[in-house]
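Counting begins at 1 with the first residue of the sequence. Bear in mind the structure is a predicted one, so any value in this text is a computation, not a measurement.
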Amino acid sequence: MNFENQNLEWRLCEAYFSILEISTTPEVSIDQLCREAKISREEVQEILPKNSIDYRFFFLKILISKLDREVLAELQVDITGDTISSTYDKILEGFSLRFEKYFQYKQSLKILSNNSKQRIEVFFNVLHENYKFSDNLLTLIEGDQNFGKKTLKSLALNIVFIRSLEIFLKNNEKDIDAVIRNLDKYLRDFQDIGFLMGIIKK
């Protein structure tokens, strides 16, 4: 995809989530997108999936992909030359940064997952993005490592994130403190199991 199309995709994505912020339903029409993004219908139809009635997952994946790139770039700056923080601290920081990025879209994300069925659909459709983030996070923090162990760690971190995301979506507080506390607990549990199984070295 060329740079111009990527820009148009992101403009549509921003438009979609802007509409959701003041909406009560995840259903957004092409006409609404055109008005909000100030893009012609013809251009919009060239970018949107041809066989999709519902664009939730198309835009959700674009959003997550962009936010995750930002998180990893920020984390790389933060940990470059850091010889004091542990691997655990860096992973916790990475996931905390991710939730901070998500927080500005919290209302929209809640609309996209406002019942159990929708939450399951959302989680299922972003599993690949979550796994990719965990994999890239581990590469950034730990460098190259045994493929099998890295896969197990990525899957475990994906589970940690999904559990924390459930709390994030249900929590009505105006900050993410409760989410980070639970994230810390889940990561501690994962670390203990990892030590026991030999996946993580002390």
Do [X] and [Y] touch side chain to side chain, with heavy atoms closer than 4.5 Å?
X: V44; Y: L8; value: no
X: L75; Y: L137; value: yes
X: F95; Y: S164; value: no
X: V28; Y: S23; value: no
X: D135; Y: K150; value: yes

With a 4.0 Å cut-off on N to O distance, would you call [X] and [Y] a salt bridge?
X: R163; Y: E166; answer: no
X: E142; Y: K153; answer: yes
X: R35; Y: D31; answer: no
X: D177; Y: R181; answer: no
X: K101; Y: E74; answer: yes

Output the distance between atom [atom1] ([X]) and atom [atom2] ([Y]), rounded to the nearest 0.5 Å.
X: K38; Y: L33; atom1: NZ; atom2: CG; answer: 13.0 Å
X: N182; Y: F168; atom1: CG; atom2: CZ; answer: 13.5 Å
X: E27; Y: L20; atom1: CD; atom2: CG; answer: 10.0 Å
X: F57; Y: I62; atom1: CZ; atom2: CD1; answer: 13.5 Å
X: L138; Y: T87; atom1: CG; atom2: OG1; answer: 9.0 Å
X: T139; Y: L72; atom1: OG1; atom2: CG; answer: 9.5 Å

Do [X] and [Y] pair up side chain to side chain, a donor and an acceptor below 3.5 Å, judged on atom types alone?
X: S85; Y: D82; value: yes
X: K110; Y: N171; value: no
X: E43; Y: S40; value: yes
X: K132; Y: S154; value: no
X: S86; Y: D89; value: yes

Which pair of non-hydrogen atoms, one from V71 and one from R98, has the smallest distance, and what is that distance?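 Shortest heavy-atom separation between V71 and R98 comes out as CG2-CA, 3.7 Å.
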
Show the nearest heavy-atom pair for residues K106 and E173, with the distance to one decimal.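 The pair with the smallest heavy-atom distance is NZ-O, 3.8 Å.
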
Go through N130 and L157 one step at a time and tell me if the side chain to side chain contact (heavy atoms under 4.5 Å, CB included) criterion holds. CA-CA 9 Å; N130 289 336; L157 290 178; over 6 Å; no

Checking E70 against K66 for the side chain to side chain contact (heavy atoms under 4.5 Å, CB included) test, could you report, in this order, the C-alpha distance in whole Å, the side-chain angles of both residues, the deciding distance, and whether it holds? CA-CA 6 Å; E70 291 176 0; K66 183 176 187 297; 2.6 Å; yes

Examine I30 and I19 and state if one hydrophobic cluster contains both, with Ile, Leu, Val, Met, Phe, Trp and Tyr joined whenever side-chain heavy atoms are less than 4.5 Å apart. yes

Stepwise side chain to side chain contact (heavy atoms under 4.5 Å, CB included) check, S134 with Y131: CA-CA 5 Å; S134 297; Y131 175 81; 5.6 Å; no

Aromatic plane relationship, Y102 with F161 - under 30° parallel, 30 to 60° tilted, over 60° perpendicular: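 Ring orientation of F161 relative to Y102: perpendicular.
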
Can you tell me if CD on Q76 sees more than 12 non-hydrogen neighbours from other groups inside 6.0 Å? no

Name of the residue among Y105, F17, Y16 meeting ring pair (Phe, Tyr, Trp, His ring centres under 6.0 Å) with F59: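 Testing each of Y105, F17, Y16 against F59, the sole residue satisfying ring pair (Phe, Tyr, Trp, His ring centres under 6.0 Å) is Y16.
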
Could you please spell out the steps behind the side chain to side chain contact (heavy atoms under 4.5 Å, CB included) verdict for L60 and L109? CA-CA 9 Å; L60 188 58; L109 293 173; 3.7 Å; yes

